[in-house]
Amino acid sequence: MRTIDEVRRAVDAAFAELDAPSWPDPHQGRRATEAEYGRFTDPERYRVLSLRLKAWSQVLSDQFGITVDHDVPQHTWAPADVDNPTTVSAVTAAWRSALPGALALRVTTMDVDGQTFIEIGIDADPVDFAIIPDCGCDACDTGSADLLTQLDDVLASAALGDLTVVIGPRRAHSDAEPGSPEPTFLIVGTGSGWFFDGDDPAEPAEIIDAVRSGDDPHLPEDCTIHHGGGWLS
């Protein structure tokens with residue numbers, strides 16, 4: 001069985017051939033200025049994310065038989081302000097392994113006015129558990145290395161089989177699209193740690209540990225748990 005370190009090295013090698021943009025964290029040692037909020041200086045450089053995704057897809061397809069299926073329901077989007085529409089294009093694909101019990105990912109690459117965002121969910125579940133970056137303005141820019149780390153953590157965790165996503169009960173929200181209730185909380189565990197958003201049901205780390213070990217995580221009713229086997233063989 002290949003190790004995740006070997007997979008990461010193969011991804012790095014494939015990525016190095018793609019002439020991807022790279023830039024440092026512009027806020028190293030300083031806070032963002034007011035002028036940086038809402039300003040988008042070089043949105044096209046965020047294509048580094050789609051190129052990194054391409055490198056992962058190439059390695060996982062060639063070496064582990066992962067299929068990247070575009071014959072899935074595509075992401076739909078409507079502008080919040082019809083008088084000031086945003087130009088958006090999106091392509092959604094399902095990343096699937098033939099190994100029994102392996103999680104399938106739903107990966108959407110969005111172009112918003114020339115800037116790339118990656119949204120990741122679990123196959124047919126409509127909830128996105130990762131959006132990279134969560135904001136693309138200059139004030140929120142953390143450099144290309146941090147963006148790649150965020151994407152790598154999710155994909156490496158899925159490959160290893162330790163990705164754990166717990167989605168709280170879904171409730172209608174005034175800002176949500178019709179028929180798209182939002183979860184009351186979201187817990188995401190990867191190999192590098194965990195992320196939590198929403199109303200706190202308990203200790204997120206303890207919930208993740210319980211799910212991974214097969215114990216009862218003592219969650220509220222109507223929660224959805226996604227956890228499965230990895231992609232490496």
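Numbers here simply count residues along the sequence, with the first being 1.
Taking the centre and axis of the six-membered ring of Trp23, the NZ or CZ atom of Arg45 falls inside the cone set by 45° and 6.0 Å.
Heavy atoms only, all atoms of each residue included: Leu147 and Pro133 are closest at CD2-CB, 3.8 Å. Shortest non-hydrogen contact noted between Ile122 and His226 is CG2-ND1, 3.5 Å. Heavy-atom minimum distance, Ile132 versus Leu49: O-CD1, 3.5 Å. Between Leu99 and Gly230, the shortest heavy-atom contact is CD1-O, 3.6 Å. In plain terms, the two heavy atoms of Tyr46 and Thr116 that are nearest each other are O-CB, 3.3 Å.
Interatomic distance, CZ of Arg171 versus CD of Glu182, reported as 12.5 Å (0.5 Å rounding). Taken to the nearest 0.5 Å, the CZ atom of Arg106 stands 8.5 Å off from the CZ atom of Phe129. Note that CG of Leu53 and CG of Leu155 are 6.5 Å apart. Values are rounded to the nearest 0.5 Å. With rounding to the nearest 0.5 Å, the separation of CZ in Arg52 from OG1 in Thr149 is 8.5 Å. Atom CZ of Phe196 and atom CD1 of Ile208 lie 10.5 Å apart (nearest 0.5 Å). Once rounded to the nearest 0.5 Å, the distance linking OH of Tyr37 with SG of Cys135 reads 9.0 Å.
Counting heavy atoms of neighbouring residues, nucleotides and ligands inside a 6.0 Å radius, atom CZ of Arg30 exceeds 12 of them. Gln63 CD: more than 12 foreign heavy atoms inside a 6.0 Å radius. More than 12 heavy-atom neighbours from other residues, nucleotides or ligands sit within 6.0 angstrom of CG on Asp216.
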Please tabulate, for the side chains in residues 159-170, all donor-acceptor contacts under 3.5 angstrom to protein atoms that are two or more places apart in sequence or on a different chain.
{"unit_1": "Asp162", "atom_1": "OD1", "unit_2": "Ser157", "atom_2": "OG", "d": "2.3"}
{"unit_1": "Thr164", "atom_1": "OG1", "unit_2": "Asp162", "atom_2": "O", "d": "3.3"}
{"unit_1": "Thr164", "atom_1": "OG1", "unit_2": "Arg212", "atom_2": "NE", "d": "3.0"}
{"unit_1": "Thr164", "atom_1": "OG1", "unit_2": "His227", "atom_2": "ND1", "d": "3.2"}
{"unit_1": "Arg170", "atom_1": "NH1", "unit_2": "Asp125", "atom_2": "OD1", "d": "3.1"}
{"unit_1": "Arg170", "atom_1": "NH2", "unit_2": "Asp125", "atom_2": "OD1", "d": "3.4"}
{"unit_1": "Arg170", "atom_1": "NH2", "unit_2": "Asp125", "atom_2": "OD2", "d": "2.9"}
{"unit_1": "Arg170", "atom_1": "NH2", "unit_2": "Thr224", "atom_2": "OG1", "d": "3.2"}

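Taking the side chain as every heavy atom from C-beta outward, Gln28 and Asp25 approach each other to under 4.5 Å. Counting heavy atoms from C-beta outward, Pro217 and Ile225 have side chains that approach closer than 4.5 Å. Side chains of Ile4 and Arg8 form a contact here, defined as non-hydrogen atoms less than 4.5 Å apart. Residues Phe117 and Thr108 have side chains not in contact (no heavy-atom distance under 4.5 Å, counting atoms from C-beta outward). Between Thr190 and Phe195, the closest side-chain pair of non-hydrogen atoms is not below 4.5 Å.
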Mind running side-chain contact (heavy atoms from CB on, under 4.5 Å) on Ser61 and Val68 for me, showing each step along the way? CA-CA 8 Å; Ser61 298; Val68 178; 4.1 Å; yes
Let me see the working for Val7 and Phe64 under side-chain contact (heavy atoms from CB on, under 4.5 Å), right down to the final yes or no. CA-CA 10 Å; Val7 175; Phe64 298 97; 3.7 Å; yes
Show your reasoning for whether side-chain contact (heavy atoms from CB on, under 4.5 Å) applies to Phe185 and Leu219. CA-CA 11 Å; Phe185 65 83; Leu219 290 165; 4.2 Å; yes
Passes salt bridge (Lys or Arg N to Asp or Glu O under 4.0 Å), Asp141 versus Arg39? Steps please. CA-CA 11 Å; Asp141 184 5; Arg39 188 179 71 194; over 6 Å; no
Intermediate values then yes/no, salt bridge (Lys or Arg N to Asp or Glu O under 4.0 Å), Asp111 and Arg47: CA-CA 9 Å; Asp111 182 296; Arg47 65 187 176 87; over 6 Å; no
When you look at Glu36 and His27, which way does the side chain to side chain donor-acceptor pair (under 3.5 Å) test go after all the steps? CA-CA 11 Å; Glu36 290 176 302; His27 304 109; 3.1 Å; yes
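Connection of Ile131 to Trp95 is not established within any shared hydrophobic cluster, with ILVMFWY side chains joined at heavy-atom distances below 4.5 Å, either directly or through further cluster members.
Legend: residues meeting salt bridge (charged side-chain N to carboxylate O under 4.0 Å, His left out) with Asp123, ordered by chain and number and at least two apart, are Arg96. With sequence neighbours excluded, the residues that form a side-chain contact (heavy atoms from CB on, under 4.5 Å) with Asp215 are Ala210, Ser213.
In this structure, Trp231 contributes its side chain and Leu103 its backbone to a donor-acceptor pair below 3.5 Å. Looking only at distances, no side-chain donor or acceptor of Glu44 sits under 3.5 Å from a matching main-chain atom of Gln115. Checking side-chain atoms of Gln58 against main-chain N and O of Ala55 turns up no donor-acceptor pair under 3.5 Å.
Considering Ile118, Ile120, Val107 in turn, Ile120 is the only one that fulfils the side chain to side chain contact (heavy atoms under 4.5 Å, CB included) rule with Val154.
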